Amino acid sequence: MDKLQVALLQLPVVADKDENLTKAALGLREAAGKGARLVVLPEMWTTPYDTAVFADYAEGRTGKTATFLSNMARELEMVIVGGSIPEKDKAGRIYNTAFVFDAQGEPLAYHRKKHLFDIDIAGGQYFRESDVLTPGEESTTFETLGWTFGLGICFDVRFPDQALDMVRQGADCLIYPAAFNPSTGPLHWELLMRARAMDAQSWLLACAPARQTDGGYVSWAHSLVVNPWGTVEHDLGTGAQVRIASLYKESIETVRAQIPIRGIQA
Ligand SMILES: NC(=O)CCC(=O)C(=O)O
């Protein structure tokens, strides 16, 4: 499929998990109605972004959120890149994990965030995911709809090697569910996303929660669609919304033919 219609769901995230699932269902139906074949949700969209509560919201791979995503994917016949949620394994470890379901509702891929978000900006953002989360170990790619996708989560975007791993595995499009913050967002969010699209010479989808200022973690928002030249084609701003975008294989082939760096990266 040379043209692919995708959607980003820039969801408002609240403390009530069921309310988050209800809003996601509305967004997924809207995306399907507008012709999206693949939909991306934000990082940690079922829970407040707060290390103190990740354990309370954590679920297994057959839990409520996974079942919801699988059912929605099957009903709407869409691939769902289910953002990320706190995932608890059998040993009780918690990961920041993206679940992907194919258009039949079958699990297609899982990505556990490899690089945990630990920063301490003087006078700004402090966060230590590593206090409660375990990092993943793999770079993740999956194939569907005739495309190969690479999947990272937020802070992973700061690691060019991981993006290049995904390109070596054939990625045509990198996907980052994410939630940057007001300290680093203004300077680094778009710069990093554009840089990774340019390095990879691939499409890039970054999907964040809508901006909320209710006293908790503040998402920078600004979900993005970046093309293989590094141009921002869509910037969703800060409010809640569903955005449809078209991706074309031809743009990847053109940039890779005109600026042939693939042999150097491989
Ligand atoms: N959720 C995250 O990993 C946030 C990453 C971030 O804000 C950064 O500056 O990096």
Side-chain angles (χ1 to χ4, degrees), residues 8-15 20 40-55 57-58 65 81-87 94-99 110-140 150-163 166 174-197 199-200 204-224 226 232 235-238:
L8 302 185
L9 264 54
Q10 184 161 287
L11 296 171
V13 177
V14 296
N20 292 325
V40 186
L41 278 71
E43 181 180 24
M44 293 296 201
W45 62 276
T46 58
T47 167
Y49 196 54
D50 179 351
T51 53
V53 302
F54 286 160
Y57 286 76
T65 303
V81 180
S84 75
I85 66 165
E87 177 205 1
I94 303 172
Y95 304 85
N96 182 338
T97 304
F99 293 53
Y110 297 96
H111 175 70
R112 289 174 167 165
K113 190 176 189 175
K114 271 179 93 168
H115 301 97
L116 296 180
F117 176 40
D118 288 355
I119 66 169
D120 187 2
I121 308 285
Q125 186 70 51
Y126 172 84
F127 210 89
R128 274 187 64 83
E129 280 189 318
S130 63
D131 284 346
V132 296
L133 300 182
T134 301
E137 292 177 350
E138 311 287 339
S139 298
T140 304
L151 183 57
I153 300 176
C154 204
F155 203 64
D156 282 338
V157 77
R158 291 190 177 273
F159 296 82
D161 285 355
Q162 186 180 344
M166 300 191 279
L174 304 181
I175 301 179
Y176 291 96
F180 263 52
N181 65 85
S183 297
T184 58
L187 201 56
H188 290 167
W189 166 256
E190 184 181 312
L191 182 64
L192 282 162
M193 296 301 170
R194 292 183 64 197
R196 292 298 83 81
D199 302 335
L204 184 146
L205 309 176
C207 188
R211 178 92 47 93
Q212 313 246 104
T213 46
D214 55 4
Y217 182 89
V218 178
S219 166
W220 177 244
H222 287 282
S223 299
L224 296 174
V226 187
V232 173
D235 178 336
L236 276 61
T238 57

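Order of appearance sets the numbers: ligands from 1, and atoms from 1 within every ligand. No experiment lies behind these values; they were computed from the predicted model shown. Hydrogens, waters and symmetry mates are skipped; everything else that's a heavy atom, side chains included, is used.
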Novice: Would you compute the distance between atom CD1 of Ile119 and atom OG of Ser183 and round it to the nearest 0.5 angstrom?
Specialist: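 Nearest 0.5 Å value for the CD1-OG distance: 6.5 Å.
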Novice: Can you name the atoms of ligand 1, numbered from 1 with element, that are less than 4.0 Å from a heavy atom of Asn181?
Specialist: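 Within the 4.0 Å cut-off of Asn181, ligand 1 contributes 6 (C), 7 (O), 9 (O).
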Novice: In ligand 1, which numbered atoms sit nearer than 4.0 Å to a non-hydrogen atom of Phe180?
Specialist: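 Per the distance check, 5 (C), 6 (C), 7 (O), 8 (C), 9 (O), 10 (O).
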Novice: Are side-chain heavy atoms of Cys207 and Ser223 found at a separation under 4.5 Å?
Specialist: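 Answer yes - side chains close enough.
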Novice: Any atoms of ligand 1 less than 4.0 Å from a non-hydrogen atom of Glu43? List them with their elements.
Specialist: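 Checking each atom against Glu43, I get 1 (N), 2 (C).
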Novice: Just jot down the ligand 1 atoms closer than 4.0 angstrom to any heavy atom of Lys113, in number order.
Specialist: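 What qualifies from ligand 1 is 1 (N), 2 (C), 3 (O).
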Novice: For the atom pair CG (Leu133) and CZ (Arg112), what is the distance rounded to the nearest 0.5 Å?
Specialist: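 Rounded to the nearest 0.5 Å, the CG-CZ separation comes to 11.5 Å.
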Novice: Ligand 1 versus Glu129, non-hydrogen atoms closer than 4.0 Å: side chain, backbone, both, neither?
Specialist: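 No part of Glu129 comes within reach of ligand 1.
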Novice: Do the non-hydrogen side-chain atoms of Phe117 and Asn181 ever get within less than 4.5 Å of each other?
Specialist: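 They are in contact (side-chain heavy atoms under 4.5 Å apart), so the answer is yes.
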Novice: Would you mind telling me if ligand 1 is within reach of the side chain of Tyr49, the backbone, both or neither, using heavy atoms under 4.0 Å?
Specialist: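 Side chain only.
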Novice: Flag the pair Met44 / Ser84 as yes when at least one side-chain heavy-atom distance between them is below 4.5 Å, and no otherwise.
Specialist: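 Yes, close enough: below the 4.5 Å cut-off.
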Novice: Enter the distance from Leu205:CG to Tyr176:OH here, rounded to the nearest 0.5 Å.
Specialist: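 The distance works out to 11.0 Å.
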Novice: Under 3.5 Å, N or O to N or O, is Cys154 touching ligand 1 that way?
Specialist: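 Between Cys154 and ligand 1 (N or O atoms, distance only) the closest approach is not under 3.5 Å.
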Novice: I'd like to check which ligand 1 atoms, numbered from 1 as shown, lie under 4.0 Å from a non-hydrogen atom of Ala179.
Specialist: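 Within the 4.0 Å cut-off of Ala179, ligand 1 contributes 1 (N), 2 (C), 4 (C).
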Novice: For the residue pair Tyr217 and Phe127, does the interplanar ring angle fall in the parallel (under 30°), tilted (30 to 60°) or perpendicular (over 60°) class?
Specialist: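 The rings of Tyr217 and Phe127 stand perpendicular, inter-plane angle above 60°.
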Novice: Provide, to 0.1 Å, the distance between atom 10 (O) of ligand 1 and the closest protein heavy atom, together with that atom's residue and name.
Specialist: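 That would be Arg158 NE, 2.6 Å.
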Novice: Tell me which protein heavy atom sits closest to atom 6 (C) of ligand 1, plus the residue, atom name and distance to 0.1 Å.
Specialist: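 Going atom by atom, the protein heavy atom closest to atom 6 (C) of ligand 1 ends up being Phe117 CE1, 3.4 Å.
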Novice: Which label fits Phe99 and Tyr110: parallel for a plane angle under 30°, tilted from 30 to 60°, or perpendicular past 60°?
Specialist: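 Answer is perpendicular, since the angle exceeds 60°.
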Novice: May I ask you to identify, for His188, whether its side chain, its backbone, both or neither come under 4.0 Å of ligand 1 on a heavy-atom basis?
Specialist: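 Within the 4.0 Å criterion, His188 makes no contact with ligand 1.
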Novice: Test of understanding: given a 4.0 Å heavy-atom threshold, classify the contact between Gln125 and ligand 1 as side chain, backbone, both, or neither.
Specialist: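 No part of Gln125 is near ligand 1 at this cut-off.
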Novice: Side chain or backbone, does Thr184 bring an N or O within less than 3.5 Å of an N or O on ligand 1?
Specialist: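 It does: an N or O of Thr184 is found under 3.5 Å from an N or O of ligand 1.
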Novice: Is a side-chain N or O of Ser219 found less than 3.5 angstrom from the main chain of Pro209, in a donor-acceptor match?
Specialist: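 At least one qualifying donor-acceptor pair exists.
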